[in-house]
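Okay, structure first, notes after.
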Amino acid sequence: MAIDYSQLIPNNVDLSSDRRLQRALENWQPRFLDWWKDMGPDGTSAFDVYLRTAVSTDSNGWANFGYVKMPDYRWGIFLADRDPERQIAFGDNKGKPAWQDVPGEMRSTLRRLIVTQGDTEPASVEQQRLLGKTAPSLYDLRNLFQINVEEGRHLWAMVYLLHAYFGRDGREEAEAMLERHSGDPDKPRILGAFNEATPDWLSFFMFTYFTDRDGKYQLASLAESGFDPLARSCRFMLTEEAHHMFVGETGVGRILQRTCELMKEHRTDDVRSLGAIDLPTIQKYLNFHFSVSLDLFGQEASTNAANYYTQGVKGRFLETRIDDDHLLTNASYEIETVEDGRIVKKAVPALQALNERLRQDYIDDCAKGVLRWNKAIERAGIAFEMTLPHRAFDRQIGAFAGLRVSPAGKVLSEAEWNANKDRWLPTDEDRAYVTSLMGAAVTQPGKFAHWIAPPARGINNQPADFEYVRFN
Ligand code: BYC
């Protein structure tokens with residue numbers, strides 16, 4: 001369905017037919033714009049940025065490119081098309097028509113999930129607020145801004161659901177989305193990873209590789225929801241998410257490429273003296289972002305997750321393609337957990353293990369990109385392998401929280417951990433070094449900071465020296 005851009009709030013949900021809802025959202029809109037001005041990309045309101053804007057939600061329409069001033073970006077409400085035949089695919093309500101409204105008994109559960117999802121979107125924009133100042137190229141600056149505006153739109157997607165289906169509570173939750181802030185000690189964002197700083201571009205690329213990928217898996221599970229408007233919102237959000245992970249994978253890949261080039265050329269491991277990021281430091285950043293993102297899947301054994309599934313509000317990744325009964329009442333699933341200070345495998349009811357199952361899908365997906373990075377390192381003739389740490393490494397949420405575990409999965413004493421942790425996680429000195437490389441933004445078209453290789457191709461096939469951002 002085409003999107004109506006003539007309206008104050010572009011949408012494909014026939015917003016003008018519901019004046020109350022339209023007015024409520026038009027009321028929220030200036031508050032969103034104030035938030036964008038105060039907490040969004042710093043000092044960018046005059047820039048013209050070569051952005052992709054969705055003009056329809058079908059496969060041809062969501063990738064339209066042109067220069068846009070970011071505050072004029074048309075944030076709007078876009079849901080994937082409705083399938084009138086759609087049925088709930090799992091849980092106690094399996095086979096019933098998908099809900100077009102919120103069933104009373106699911107109200108608080110759905111609201112909670114939508115709020116948790118929505119909260120991450122502005123959080124990530126806040127985390128990335130200052131990165132534009134140190135962008136390694138115009139290409140990277142443009143990608144950062146593309147991600148920022150799309151996260152803003154993903155907030156709109158959740159705020160629409162809150163306003164349209166949750167009455168006064170929903171409107172209050174929508175306000176609160178703009179009142180919590182990443183890292184704010186009094187009003188923090190809901191989930192741990194979204195209160196961490198993203199102070200440099202290595203962190204940004206790791207975040208978009210690992211944390212945005214949690215977004216992919218959570219959105220895919222919500223795209224299975226029996227609540228059809230949520231499913232349709234998430235389905236369209238997923239099309240945008242792919243680019244964010246692409247930025248992460250290629251960003252880390254380009255840093256690795258540059259490092260390997262310098263190692264080869266100068267026959268040394270000591271690339272810090274050459275102004276690049278050494279491989280062990282990149283591995284430490286990977287360890288940090290992977291484990292913080294694993295926490296986002298929640299407890300290994302979770303009754304919350306079981307209830308979401310049984311009620312039909314949150315499914316599994318690609319639920320309809322799984323060949324089983326989609327009820328899981330008699331199934332079990334093997335998880336790793338902790339007993340007497342040891343990591344053990346244990347079969348638990350499959351319904352309780354849904355967070356862990358999704359985490360496993362996620363880990364398998366993360367591993368694919370690491371394999372591609374390693375192939376590139378190998379092709380460069382360097383003997384080094386990046387690895388994903390064990391799922392129990394440095395966890396703050398779930399069964400492994402508080403346990404000291406090495407990246408290889410060995411349980412350690414506090415003394416062993418303290419003696420080694422600086423080899424596994426970024427130290428203050430590592431962070432200070434990486435920060436020291438983040439000089440003033442590189443703004444000459446076609447030029448790149450010294451520590452990162454250029455991309456293989458431009459956005460929308462633009463030439464290498466394309467002017468992705470005009471500063472005016
Ligand atoms: N930090 O039974 P459990 C994205 C809480 S990212 C803090 O396991 P559940 C994006 C939990 O809330 C995707 N607290 O919970 C990426 C619960 O609290 P209560 C975001 C945490 O509900 C990049 C308690 O611990 N979307 O889109 O099964 C850029 C018990 O845990 C954490 C979603 O997350 C944590 N990490 O699982 C931009 C989807 N983990 O009830 C965007 C919606 C758990 O005891 N959310 N807790 O007070 C959910 O599906 C679930 O809320 C979770 C947690 C999977 C997060």
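Position 1 is the first residue of the sequence; numbering continues from there. Just so you know, these numbers come straight off a predicted model, no measurement behind them.
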| task | To the nearest 0.5 Å, tell me how far F145 CZ sits from L138 CG. | result | 10.0 Å
| Hey, does I282 have a side-chain heavy atom less than 4.5 Å from the side chain of M206? | yes
| query | Are the side chains of R258 and I255 in touch, meaning some heavy atoms are under 4.5 Å apart? | reply | no
| message | I need the single residue from F317, F297, F210 that forms a ring pair (Phe, Tyr, Trp, His ring centres under 6.0 Å) with Y217. Which is it? | response | F317
| field | Pairwise side-chain contact, L327 with T310, heavy-atom cut-off 4.5 Å (strictly under) | value | no
| message | Please check this pair: side chain of H326 against backbone of I322, looking for a donor-acceptor N/O pair closer than 3.5 Å. | response | yes
| Contact check, side chains of D200 and T134, non-hydrogen atoms, under 4.5 Å | no
| field | Student check: side-chain heavy atoms of E249 and M245 closer than 4.5 Å | value | no
| request: Under the side-chain contact (heavy atoms from CB on, under 4.5 Å) rule, what do V469 and D48 come out as? Steps first, then yes or no, please. | output: CA-CA 6 Å; V469 182; D48 288 310; over 6 Å; no
| Can E126 and R129 be counted as an ion pair, charged N to O under 4.0 angstrom? | no
| message | Contact between L358 and Q218 at the side-chain level, heavy atoms closer than 4.5 Å - yes or no? | response | yes
| request: Can you see which heavy atom on D430 is nearest to which on Y285, and at what distance? | output: O-OH, 4.1 Å
| query | Is a side-chain N or O of N472 found less than 3.5 angstrom from the main chain of A46, in a donor-acceptor match? | reply | yes
| request: Taking D18 for its side chain and L21 for its backbone only, find out whether a donor-acceptor pair lies under 3.5 Å. | output: yes
| request: Decide if atom NZ of K447 counts as having more than 12 heavy atoms of other residues, nucleotides or ligands within a radius under 6.0 Å. | output: no
| message | Under a 4.0 Å threshold between the charged nitrogen and the carboxylate oxygen, would E150 count as salt-bridged to R153? | response | no
| note | Contacts satisfying ring pair (Phe, Tyr, Trp, His ring centres under 6.0 Å) that involve residues 453-472 (not counting sequence neighbours) are F47-F471, Y50-F466, Y139-Y468, F466-Y468
| task | Determine, for E172 against R168, whether the closest basic-nitrogen to carboxylate-oxygen distance falls under 4.0 angstrom. | result | yes
| R359 versus G298, closest heavy-atom pair with distance | NH2-O, 2.9 Å
| field | P122 side chain near M39 side chain, heavy-atom distance below 4.5 Å | value | no
| task | Provide the closest heavy-atom pair for A231 versus S225 in the form atom of the first, atom of the second, distance. | result | CB-O, 3.7 Å
| request: Of all the heavy-atom pairs spanning R112 and Y308, show the shortest one and how long it is. | output: NH2-OH, 3.5 Å
| message | Is there a side-chain contact (heavy atoms from CB on, under 4.5 Å) between Q22 and S16? Walk through the geometry before answering. | response | CA-CA 6 Å; Q22 185 178 25; S16 57; 4.3 Å; yes
| task | Return the orientation label for the Y362 and F290 ring planes: parallel under 30°, perpendicular over 60°, tilted otherwise. | result | parallel
| message | Nearest 0.5 Å, please: how far is OG in S233 from CG in L79? | response | 3.5 Å
| said: If you count every heavy atom of other residues, nucleotides or ligands that lies below 6.0 Å from R457 atom CZ, does the total exceed 12? | reply: no
| request: For R189 and M177, indicate whether the former's side chain and the latter's backbone hold a donor-acceptor pair under 3.5 Å. | output: yes
| said: With a 3.5 Å distance limit and no angle check, can you tell me whether D325 reaches the backbone of L328 through a side-chain donor-acceptor pair? | reply: yes
| request: Could you tell me whether R107 and D101 make a salt bridge, using a distance below 4.0 angstrom between a side-chain N and a carboxylate O? | output: no
| task | Let me see the working for K216 and D365 under salt bridge (Lys or Arg N to Asp or Glu O under 4.0 Å), right down to the final yes or no. | result | CA-CA 10 Å; K216 167 181 165 184; D365 197 19; 2.9 Å; yes
| Going through the checks in order, is the side-chain contact (heavy atoms from CB on, under 4.5 Å) test met by H289 and E196? | CA-CA 10 Å; H289 286 273; E196 300 288 342; over 6 Å; no
| field | Between K284 and N287, a side-chain donor and acceptor under 3.5 Å | value | no
| request: Please confirm whether the backbone N or O of G183 pairs with a side-chain atom of N195, one donor and one acceptor, at under 3.5 Å? | output: yes
| note | Of all heavy-atom pairs linking L141 and G132, the shortest is CD1-CA, 3.5 Å
| task | Evaluate side-chain contact (heavy atoms from CB on, under 4.5 Å) for L25 paired with V159, printing each intermediate quantity in order. | result | CA-CA 8 Å; L25 284 163; V159 163; 4.0 Å; yes
| message | Take a 6.0 Å sphere around CD of E179 and say whether it holds more than 12 heavy atoms from other residues, nucleotides or ligands. | response | yes
| query | For the atom pair OH (Y160) and CG (L230), what is the distance rounded to the nearest 0.5 Å? | reply | 12.0 Å
| From W373, F246, F204, residue fulfilling ring pair (Phe, Tyr, Trp, His ring centres under 6.0 Å) relative to Y209 | W373
| Residues E175, R31: salt bridge by 4.0 Å N-O rule | yes
| query | More than 12 heavy atoms of other residues, nucleotides or ligands under 6.0 Å from CG of D428: is that the case? | reply | no
| said: Please confirm whether the ring centroid of W35 lies under 6.0 Å from the ring centroid of W28. | reply: no
| query | When rounded to the nearest 0.5 angstrom, what distance separates CG in D38 from NE2 in H181? | reply | 8.0 Å
| message | Is it the case that the side chain of S291 and the backbone of F288 share a donor-acceptor pair, with hydrogens and angles ignored and the cut-off at 3.5 Å? | response | yes
| Charged N-O contact under 4.0 Å between D169 and R111 | yes
| task | Give a yes or no on whether the backbone of Q299 and the side-chain of N355 come within a donor-acceptor separation of less than 3.5 Å. | result | yes
| field | From OG1 (T281) to CG (L286), nearest 0.5 Å | value | 12.5 Å
| Side-chain donor-acceptor pair present, T198, S203, cut-off under 3.5 Å | no
| said: Tell me the closest heavy-atom pair linking M158 and G118, and the distance in Å. | reply: CG-CA, 3.6 Å
| field | Any E121 side-chain heavy atom under 4.5 Å of V125 side chain | value | no
| request: Assert yes or no for the condition that the ring centre distance of W36 to W75 is strictly below 6.0 Å. | output: yes
| query | Would you say the side chains of Q128 and N148 form a donor-acceptor pair under 3.5 Å? | reply | yes
| Would you find a donor on one side and an acceptor on the other, under 3.5 Å apart, between the side chain of R395 and the backbone of R391? | yes
| R316/D324 ion pair, N-O < 4.0 Å | yes
| Do D295 side-chain atoms and I397 backbone N/O form a donor-acceptor pair below 3.5 Å? | yes
| task | Give, for atom CD1 of I147 and atom CZ of R142, the distance between the pair rounded to the nearest 0.5 Å. | result | 9.0 Å
| field | Step-by-step salt bridge (Lys or Arg N to Asp or Glu O under 4.0 Å) determination, D140 to R254 | value | CA-CA 11 Å; D140 291 291; R254 288 161 52 215; 2.9 Å; yes
| Is a side-chain donor-acceptor pair under 3.5 Å present for Q146 with H244? | no
| Taking the six-membered ring for Trp, are the ring centroids of F207 and W201 within less than 6.0 Å of each other? | no
